[in-house]
Amino acid sequence: MAQARGHWSGSYGFILAAIGSAVGLGNIWRFSFVAGQNGGAAFVLVYLGCVLAVGIPVMLAEFLIGRHTQRNVVGSFQALRPGSAWALAGWLPAAASFVVLSYYAVVGGWVLHYIVLSLTNSFAGQSAETISGLFTDLTTSGLSQLGWHAVFMLATVVVVVRGVAGGLERGNKIMMPLLFVMLCGLLVYAVQTDGARAGIAFLLSPRWDQLTARSVLEAMGQAFFSLSIAGGIMVTYGSYMRKETDLVRPAFYIAGGDTLVALLSGLMIFPLVFTFQLEPTAGPGLIFQTLPTAFAQLPAGQLLALVFFVLLSFAALSSAISVLEAVVAYGIDEQGWSRSRATWGIGGVIFLCGIPSDLSAGFFGLADRIVTNYMLPTGGLLIAIFTGWVLSQTVRRQEFMAGGMSQRLYSGWLFLIRYVAPIAIATILAQSLHLF
Ligand code: PFF
């Protein structure tokens with residue numbers, strides 16, 4: 001407890017690290033196909049509404065709690081309501097992060113394997129079946145998958161062990177600008193292919209008939225996952241903020257950056273998918289099976305594949321380090337462990353807990369469903385209720401106003417966090433519990 005807490009070097013480092021957390025596999029893979037299946041631009045509009053009405057307010061609530069207590073998510077709730085049942089609101093996000101990383105690192109391992117496949121030019125001239133087979137081979141050969149999973153987890157630990165400014169911040173300062181440059185490069189290439197018009201139309205023209213009540217719920221779930229909300233990450237990242245800095249503008253930048261990357265990824269992926277008449281709603285295989293099929297047929301396809309998978313590995317790694325940090329911060333703050341002990345110990349245990357996801361696709365899917373459908377929404381609901389109704393008015397107001405925010409903005413946020421966010425999240429939860 002006596003250890004000095006790490007801090008961001010400034011707002012820029014903080015914003016970049018939080019964008020690094022938010023921008024991940026959720027943006028590049030999940031957003032594209034969910035938007036494709038749920039009415040294109042119609043979904044995108046609803047998604048933007050969810051980000052503005054629920055995502056940003058809950059993110060702000062997390063920053064505010066973390067910055068106020070200067071503790072990890074478990075410690076924050078214990079400090080604010082000692083000995084009360086609200087401690088559960090801290091344990092739940094920490095547990096969610098634990099589970100997320102266990103299977104997220106498995107996908108991170110796939111990405112590393114695909115970097116090697118790109119380097120060895122394994123897609124060129126191959127049929128769609130052969131390329132699909134590469135993915136099946138990997139996911140059914142326990143040992144190879146386990147190896148790549150271990151390498152990805154090791155990379156995550158190596159960054160986190162270096163601490164807030166030296167590891168998390170520096171890692172993101174390198175990875176995020178490169179990711180953006182690579183994404184723009186691929187985008188410029190993709191929009192010149194024959195399928196560009198059809199691909200862009202697929203994502204950007206609204207098909208209102210395909211937008212169902214379920215799509216609205218999908219949009220909300222996607223906003224949670226994509227913004228890294230309710231996993232304790234934003235509480236932890238807020239705790240590394242110095243007092244008296246503005247929390248509101250960063251929340252808008254982070255949500256804006258995350259949404260921009262999701263949209264650009266879609267605009268890059270769909271033109272390629274349409275150019276080669278591939279299936280735009282292929283789901284998990286879209287990135288690992290469909291897209292390499294496109295790369296196999298494109299001029300300079302090997303280079304494109306390599307750039308794409310390196311980009312994806314940065315997105316996955318920069319998110320994974322934030323997820324590990326959320327749990328490691330608990331070990332450091334609450335158990336008094338050294339950063340090195342907490343990171344290696346917790347990283348090792350999360351790796352072991354991910355092994356069942358290597359071995360069974362069913363287990364992998366179960367972990368994913370439990371987190372996205374139940375743990376994250378419940379955590380977000382508790383955070384919204386706590387910040388809106390339980391936290392003292394003085395603390396809430398003071399923390400929100402720290403960067404010179406107006407009373408009107410505060411009142412607007414309070415309305416969203418007290419009424420809009422809890423009602424919207426409770427509706428999702430009810431739906432995912434199949435209550436209606
Ligand atoms: N936001 C990251 C993505 O979009 O891939 C992943 C993520 C991080 C999801 C943390 C959930 C979470 F709690």
Side-chain angles (χ1 to χ4, degrees), residues 16-35 47 50-51 55-56 58-59 62 66 72-73 90-108 110-111 152 156 160 168 172 175-176 179 183 218-238 251 254-266 284 286-287 311-330 350 354 364 367-383 425:
L16 213 60
I19 291 182
S21 172
V23 170
L25 299 163
N27 303 60
I28 299 171
W29 154 73
R30 202 171 186 281
F31 178 82
S32 313
F33 89 87
V34 176
Y47 177 78
C50 292
V51 168
I56 294 177
V58 173
M59 186 188 286
E62 290 202 33
N72 64 93
V73 68
W91 277 107
L92 187 65
S97 270
F98 191 99
V99 181
V100 165
L101 189 54
S102 74
Y103 70 87
Y104 204 81
V106 174
V107 185
W110 297 348
V111 177
F152 183 84
T156 309
V160 173
L168 300 166
N172 279 299
M175 287 191 281
M176 282 300 109
L179 179 147
L183 182 59
E218 289 269 6
M220 179 85 74
Q222 174 64 20
F224 261 83
F225 190 89
S226 191
L227 293 173
S228 299
I229 291 172
I233 294 161
M234 297 306 180
V235 172
T236 310
Y237 275 24
I254 295 156
D258 186 64
T259 308
L260 182 69
V261 171
L263 287 172
L264 294 181
S265 302
L286 189 64
I287 272 182
L311 176 159
L312 203 59
S313 72
F314 283 1
L317 184 63
S318 60
S319 296
I321 58 179
S322 72
V323 187
L324 181 57
E325 178 66 22
V327 191
V328 162
Y330 159 78
I350 293 179
F364 177 100
D368 182 39
R369 273 196 305 281
I370 289 179
V371 168
T372 37
N373 294 346
Y374 302 103
M375 294 176 88
L376 293 180
T378 310
L381 179 64
L382 293 178
I383 288 166
I425 300 168

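The residues of the chain are indexed from 1 along the displayed sequence. When a ligand or atom number is given, it counts from 1 through the structure's own listing order.
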*Any heavy atom of Ser21 sitting closer than 4.0 Å to ligand 1?*
yes
*asked:* We want to know whether Asp258 and Ser226 form a side-chain donor-acceptor pair, criterion being a heavy-atom distance below 3.5 angstrom.
replied: yes
*Kindly indicate whether the side chain of Val99, heavy atoms from C-beta on, has any atom under 4.5 Å from the side chain of Ile370.*
no
*When you measure from atom 11 (C) of ligand 1 to every protein heavy atom, which one gives the shortest distance, and what is it?*
Phe225 O, 3.9 Å
*Among Ile233, Asn72, Val160, Thr156, find the residue that satisfies the side-chain contact (heavy atoms from CB on, under 4.5 Å) test when tested with Glu325.*
Val160
*Do Gly26 and ligand 1 have an N or O pair less than 3.5 Å apart?*
yes
*Kindly assign one of parallel, tilted or perpendicular to the pair Tyr103 and Phe364, based on the angle between their ring planes and the thresholds 30° and 60°.*
perpendicular
_Winner among Ser228, Ala315, Gly20, Gly232 once heavy atoms are compared against atom 8 (C) of ligand 1_ = Ser228
_Nearest-contact summary for atom 6 (C) of ligand 1 - protein heavy atom, Å_ = Tyr104 OH, 3.5 Å
*Any idea which atoms of ligand 1 are less than 4.0 Å away from a heavy-atom of Val323?*
8 (C), 10 (C)
*Output field: ring centroids Trp91/Tyr330 closer than 6.0 Å*: yes
*Of Val100, Ile233, Asn27, Leu101, which has the heavy atom at the shortest distance from atom 10 (C) of ligand 1?*
Ile233
*Given Leu376, which of Ile425, Ile229, Leu92, Val371 fulfils the side-chain contact (heavy atoms from CB on, under 4.5 Å) condition?*
Val371
*Among all protein non-hydrogen atoms, which one is nearest to atom 4 (O) of ligand 1, and what is the separation to 0.1 Å?*
Ala22 O, 3.1 Å
_Heavy-atom donor-acceptor pair, Glu62 side chain to Ala230 backbone, under 3.5 Å_ = yes
_Regarding ligand 1, does Ser226 bring an N or O atom to under 3.5 Å of one of the ligand's N or O atoms?_
yes
*Can you list the ligand 1 atoms lying under 4.0 Å from a non-hydrogen atom of Ser319?*
2 (C)
